[in-house]
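Report on the following structure.
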Amino acid sequence: MKLLTGNDLVTGDVIWWAGNGWSRLVTDAVDVTAGADAIAKREEAARRVNGPYVVDAEAGVSGPVPRHIKERIRAAGPTVRPDLGIQAAETASESWVI
């Protein structure tokens, strides 16, 4: 499975391609194995994302899980202030265990 990720140009947030737009939640991400380059070029040209790139992932219980530790950290939010990251809304979830 391949996911498309980048950063939101307005907020700087990590975002994931959800099939019909971008989401801050990696659990909304869809497999972009076919067509990732075209989506990335179109979205970057439209200035909806900065520096889009493809990452390897695998299916998890609650949705896709990035395979590389760097991408898992990006999906979870800042490690120094977990209360400010995307994981703050998921405090009871085990999905953020790196």
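Sequential numbering from 1 along the given sequence is applied to the chain's residues. Please read these numbers as outputs of a predicted model, since none were measured by experiment.
Atom CG of Leu25 and atom OG of Ser62 lie 11.5 Å apart (nearest 0.5 Å). Between atom CD1 of residue Ile73 and atom NE2 of residue His68 there is a gap of 9.0 Å, rounded to the nearest 0.5 Å.
Under the rule for a salt bridge (Lys or Arg N to Asp or Glu O under 4.0 Å), the partners of Arg67 that lie at least two apart in sequence or sit in another chain are Glu58. By the salt bridge (Lys or Arg N to Asp or Glu O under 4.0 Å) test, Asp56 is found to be paired with Lys2, residues two or more places apart in sequence or in another chain being considered. Annotation: side chain to side chain contact (heavy atoms under 4.5 Å, CB included) contacts of Val30 (sequence neighbours excluded): Trp17, Val32.
The closest donor-acceptor contact from the side chain of Arg72 to the backbone of Pro66 lies under 3.5 Å. Panel note: side chain Arg24, backbone Trp16; no donor-acceptor pair is recorded below 3.5 Å.
The residue from Val55, Asp31, Val65 that alone fulfils the side-chain contact (heavy atoms from CB on, under 4.5 Å) condition with Met1 is Asp31. Put simply, the residue from Leu9, Asp8, Leu4 that forms a side-chain contact (heavy atoms from CB on, under 4.5 Å) with Ile15 is Asp8.
Here the shortest heavy-atom pairing between Gly6 and Arg74 reads O-NH2, 3.2 Å. Heavy atoms only, all atoms of each residue included: Gly12 and Asn7 are closest at O-ND2, 3.1 Å.
The hydrophobic cluster containing Val54 also contains Val49, counting ILVMFWY residues as joined when their side-chain heavy atoms lie under 4.5 angstrom apart, directly or transitively. No path of Ile, Leu, Val, Met, Phe, Trp and Tyr side chains, each step under 4.5 Å between heavy atoms, connects Val14 with Trp22, placing them in separate hydrophobic clusters.
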